[in-house]
Amino acid sequence: MDNQYAVGWGTLALINAGLAQGKNRTGLNWFLLSLALGPLATFILLLIEKR
């Protein structure tokens, strides 16, 4: 079960990196931030405006 959790968390981080690049943000930074914050980083990305 722990392995599935890690795969899901990593997938979410990749999705967040793609969302960040779509908003003209640095994908790598958001990927790393998402590894630490997970769903909270997704919520933040949804709230910020596109540059």
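For the numbers below, each heavy atom of this structure counts, side chains included, while hydrogens, waters and symmetry mates do not. If you read the sequence from its start, that first residue is 1, and numbering goes on from there.
Clustering ILVMFWY residues whenever any of their side-chain heavy atoms sit less than 4.5 angstrom apart, transitively, puts Leu12 in a cluster other than the one holding Leu40. Both Leu14 and Tyr5 are part of a single hydrophobic cluster, where members link through side-chain heavy atoms under 4.5 Å apart.
The nearest pair of heavy atoms linking Trp9 to Leu35 is NE1-O, 2.8 Å. In terms of heavy atoms, Phe31 sits closest to Ala17 at CB-CB, 4.0 Å.
For residues 14-24, every residue pair satisfying the side-chain hydrogen bond (donor to acceptor under 3.5 Å, both in side chains) rule, not counting sequence neighbours, is listed here: Asn16-Ser34, Asn16-Thr42.
For the atom pair CG of Leu37 and CG of Leu45, the computed distance is 10.5 Å after rounding to the nearest 0.5 Å.
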